[in-house]
Amino acid sequence: MRQGIADIIREALISAHGDGLIKTAEPPAYSVETSKKEEFGDYSTNAAMLLAPLEKKGPRQIAGVIKERIAAFPQVEKCEVAGPGFINIFLKKSYWLSVLEDIVRQGAGFGRSQTGAGRRVQVEFVSANPTGPLHIGHGRGAAVGDALANILKAAGYDVEKEYYINDVGRQMNTLGRSVFLRHQELLGKTITFPEDSYKGEYIKEVAADFIAKNGEKYRDAPEDLAVPVFSRFAGEALLERIRTDLKDFGVEFDRWCSEKALVEKGLVEATIDEIKKRGYIYEAEGALWFRTTGFGDDKDRVLTKADGSRTYFASDIAYHRDKVERGFSTIVDVWGADHHGYEGRVRALVKALGYDDSVLKVIFIQLVALLRNGVPVPMGKREGEFVTLRQVMDEVGVDACRFFFLMRRSDAHLDFDLELAKSQAPENPVYYVQYCHARIKSIIGFAKEKGAVIPEDFDSKLLSRLDQKEEVEIIKHLGSFGEVVERSAAAMEPHRVTFYLMELAGLFHPYYNKNRVVTEDPELTAARLLLCGAVATVAANGLRLLGVSAPDKM
RNA sequence: GCCCCCGUAGCUCAGAUGGAUAGAGCAACGGAUUCCUAAUCCGUGUGCCGGACGUUCGAAUCGUCUCGGGGGCGCCA
C-alpha cells in the first residue's frame, strides 16, 4: 500500500523533471508516512522539502508543482500542500475498500510479503545451559525468538531456528557432582554439599531418576569416576525437560547444536588455526590470546587458559564461524542482557574471519520482574528458588505468558504481573485482543442463525454501505498490517505486532458497541459482516505471528 | 576508571528513515447492559520528552558534554 504511494510520488517527480519543471533527475530519498492527523490526509511525503535546497526554490513552491502530478493519479482523491512543504495525499475511498477484498481473498496469507526475498536468516535463542530448568527470563527469550522467526518468515525470509547447547565445561562437571552427591544422600550416605554446587530441588529429582534407572551401583564410586557418568545423565535429563517445556510453550527448533559435538569435530582447533594463520593469536602469561582489540573489542580475549583448558569463548568462536559459513545472510543471537559485554568480541571474531560484521545481529532480552498484585515475587537463582517458566506458564497459561513477554521492546525491563495476566478484567490486554476475535466469531455465528447472507463478492454497492468514519478508520488500519509486519521484521522488533493488535482491538470494540452488525437491512448486514470478518482474519494472523491462539469462543 | 543499555503523563510504556499541535494503556472519578459476549463501551487531564550545547529549514529521534538508574569489565559461563 505504502509502496504504491511511493511509486506514485516517484512517477510524479520524474514526469515533472521530464517537463522541465524541476531540475533534479534522480528523486531524493523522500519519506512516505501515514499521516498522523485526519486533516493531513492518508499519506504524507517530505519530497518537496528535500528538493528545496537542490532546486534553490521554496519547498511550498516545489510542492505545488508535484501536487498537480500526484492528484492526476486515479486512486488519488485530492492532494494538498501543507505546513512547511508537506504534500498530503488523500486517497479515494474505493481504494481503501479494496483492502477488504485482499483480506478475504488472501485469508491466512494476508500480511505476508516478499521483502525478505528468500534470504536465509538464522535465529539462535534460548540456548540455556542444561544445568537446570528454564526460568522466566529464558521464557521471554523464547517468546521473542519464536515470534521474531514467525515474523521474518511472514516477511519472506527463509528462517532457521536453532538452540545452542553448552554441554561441556565446568558447569557440566558441577552439575554431575551435584547430582552424584544428592544420589549418595538419597542412598543414605552423609554428604557435605560444596558451596558452588547446584542446590535446586530438581537436582534431587534427577538423582532419584538416576537411581530408578541404574540402581545403587554408584553409591560408593569415587567422585572423579562417577561425575562424568552423572554429568552426562543429568545433562540429557535436563535437556529433555527443557525440550518439553519449550514444546509446551509452543516453541519448536529446527536444529539443536551441541557444543560438545563442535569440540569433538575439531572445529574449535580449526577455528583457532585459522585465526592464527591470519595472525591474530599470541601467547602471554602461559595463555593463548586472540587479539580482538584490532577489531573494535576493548580487550584481548583468552582462548586457552594457562592450565591448558579452553575458555567458553573458544567454543563460541567455532560456533559463530560455523554459523557464518553456513551461508546465512543474517545470523541473529538472542541473548540475556547480562551477556551484552559479549557482543564486541563476537563481532571482532566475525571481522577477523574477513566477514562484514553486519551479518551479525544481537538482540538483548532484559530481565523480567515478576509481580503478584503489584508486589515483587522474590527471585534468587543462588538460593535455588528462582521462578521457572513452567510455573508461570502453568499458572497463567501459554497465551497470556507469550503475549506479556511480547508487550515490551525486548531490551526494556518488563513487569509481569501474574494476577493481571490471569485476570479476566478489561485491563488485561491479552484478552482484549483475543476477545476481539472471539466476539466477531460469535457475531458471525449469530448472523448465520438469523439466516443473514454472508457476502461472497465485493460489488461496490455493498462496500459503499461502509461509509462511517470508524469503518474507514478500521479498514485503513487493516491495510497497514503488511507494513507493520515488514517493519517489525526489518527492525527485528516483534513487539510492534503486539501493539498493532492492541490498536486493532481498540478500534473494533468501540465500533461494535456503537453499531449493530446484524440488522433488518440485509445489504448493510452483509457489508458489516464483511468488515468484521476481515478484522477477525487480521487479528488471527497477527496473533499467530506471536504464537498466541485466536479463540472462537471465550 | 572504562564500555553498553535506559531516562517520555501519577504508574507501565509506544513513538516509523529526523517532520506538522508528542500518543496509548493502567490507576482516579462519573456513567452505560429489554438488543449480535459488560473479558466491552462512553466521558473527565496530565508533559522542562532528565539537563546543556551543537548539527538541521525542522530534533524525543543524530553528535558532544553532563546528571540519574541498571548491567558488564583480562585465564566464569
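Values below: every heavy atom of this structure, side chains too, minus hydrogens, waters and symmetry copies. Everything numeric here is computed off the predicted structure, so don't read it as measured data.
Checked against salt bridge (charged side-chain N to carboxylate O under 4.0 Å, His left out), A/Glu269 has the following partners two or more places apart in sequence or in another chain: A/Arg310. The ring-ring contact (aromatic ring centres under 6.0 Å, His included) test applied to A/Tyr163 returns A/Phe253, A/Trp256, not counting sequence neighbours. Listed by chain and number, the residues in a side-chain hydrogen bond (donor to acceptor under 3.5 Å, both in side chains) with A/Asp415 amount to none (sequence neighbours excluded). By the side-chain hydrogen bond (donor to acceptor under 3.5 Å, both in side chains) test, A/Asn173 pairs with no residue at all, sequence neighbours left out. Residues meeting the salt bridge (charged side-chain N to carboxylate O under 4.0 Å, His left out) test with A/Lys276, sequence neighbours left out: none. Remark: A/Phe313 engages A/Tyr342 in a ring-ring contact (aromatic ring centres under 6.0 Å, His included) (not counting sequence neighbours).
Below 30°, between 30° and 60°, or above 60°: for A/Trp289 and A/Tyr282 the angle between ring planes is below 30°, a parallel geometry. Ring pair A/Phe295/A/Tyr280 is perpendicular by interplanar angle, where above 60° counts as perpendicular and below 30° as parallel.
Cation-pi geometry between A/Arg439 and A/Tyr512 is met: under 6.0 angstrom from the ring centre, within 45 degrees of the axis. In this structure, A/Lys78 forms a cation-pi arrangement with A/Phe90, its terminal cationic atom sitting closer than 6.0 Å to the ring centre and no more than 45° off the ring axis.
Among the nucleotides B/C13, B/A77, B/C41, the one closest to any side-chain atom of A/Phe499 is B/C13. Relative to the side chain of A/Pro510, the nucleotides B/C41, B/C76, B/A38 differ in distance, and B/C41 lies closest. Of the candidates B/A77, B/A16, B/C6, B/A16 carries the atom nearest the A/Thr34 side chain, counting heavy atoms from C-beta on. Among the nucleotides B/A39, B/A77, B/C13, the one closest to any side-chain atom of A/Lys305 is B/A77.
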Could you run down the sub-3.5 Å N/O contacts of the protein with nucleotides 17-20 of chain B?
residue: B/U17; atom: O4; partner: A/Arg2; partner atom: NH1; Å: 3.3
residue: B/G19; atom: N7; partner: A/Asn46; partner atom: ND2; Å: 3.3
residue: B/A20; atom: OP2; partner: A/Lys36; partner atom: NZ; Å: 2.6
residue: B/A20; atom: N6; partner: A/Ser44; partner atom: OG; Å: 2.7
residue: B/A20; atom: N6; partner: A/Asn88; partner atom: OD1; Å: 2.7
residue: B/A20; atom: N1; partner: A/Asn88; partner atom: OD1; Å: 3.3
residue: B/A20; atom: N1; partner: A/Asn88; partner atom: ND2; Å: 3.1

Using a cutoff of under 3.5 Å, can you pull out all pairs of nitrogen or oxygen atoms linking the protein to nucleotides 69-71 of chain B, with atom names and distances?
residue: B/G71; atom: N2; partner: A/His340; partner atom: NE2; Å: 2.9

Protein N or O to nucleotides 32-34 of chain B N or O, pairs below 3.5 Å:
none

Between the protein and nucleotides 8-11 of chain B, which nitrogen or oxygen pairs come in under 3.5 angstrom?
none

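When Watson-Crick and G-U wobble pairs are counted only if both distances are under 3.5 Å, B/G19 pairs with B/C57. Nucleotide B/G45: unpaired (no Watson-Crick or G-U wobble partner with both distances less than 3.5 Å). In this structure, B/G1 forms a base pair with B/C73, meeting either the Watson-Crick or the G-U wobble geometry with both donor-acceptor distances under 3.5 Å. Shown here, B/A52 forms a base pair with B/U64; the pair counts as Watson-Crick or G-U wobble because both key distances fall under 3.5 Å. Base pairing annotation: B/A38 forms no Watson-Crick or G-U wobble pair, as no partner gives both donor-acceptor distances under 3.5 Å. Pairing for B/G25 goes to B/C11, judged as Watson-Crick or G-U wobble with the two contacts each under 3.5 Å.
The interatomic distance linking A/Asp300 (CG) with B/G74 (P) rounds to 13 Å, in whole Å. Computed from coordinates, the A/Asp196 CG to B/C76 P distance equals 13 Å when rounded to whole Å.
Residue A/Asp307 is classed as having no contact, given no heavy-atom separation below 4.0 Å to the nucleic acid. Residue A/Lys514 is out of contact with every strand shown, counting any heavy-atom pair closer than 4.0 Å. The residue A/Tyr342 sits close to a base: some heavy atom pair falls under 4.0 Å. A/Glu283 comes within 4.0 angstrom of nothing in the nucleic acid, heavy atoms only.
Between B/G15 and A/His495, a contact under 4.0 Å exists linking OP1 or OP2 to a side-chain N or O.
What you find for A/Ala452 and A/Leu529 is that their closest heavy atoms are CB-CD1, 4.4 Å.
Applying the salt bridge (Lys or Arg N to Asp or Glu O under 4.0 Å) definition to pairs two or more places apart or across chains, those involving residues 491-501 of chain A are A/Glu493-A/Arg496.
B/A22 and B/G30 are spaced 31 Å apart, taking the P atom of each and rounding to whole Å.
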What donor-acceptor contacts under 3.5 angstrom involve side-chain atoms of residues 498-507 of chain A, with partners at least two apart or in another chain?
residue: A/Thr498; atom: OG1; partner: A/Leu406; partner atom: O; Å: 2.8
residue: A/Tyr500; atom: OH; partner: A/His477; partner atom: O; Å: 2.7
residue: A/Glu503; atom: OE1; partner: A/His477; partner atom: NE2; Å: 3.2

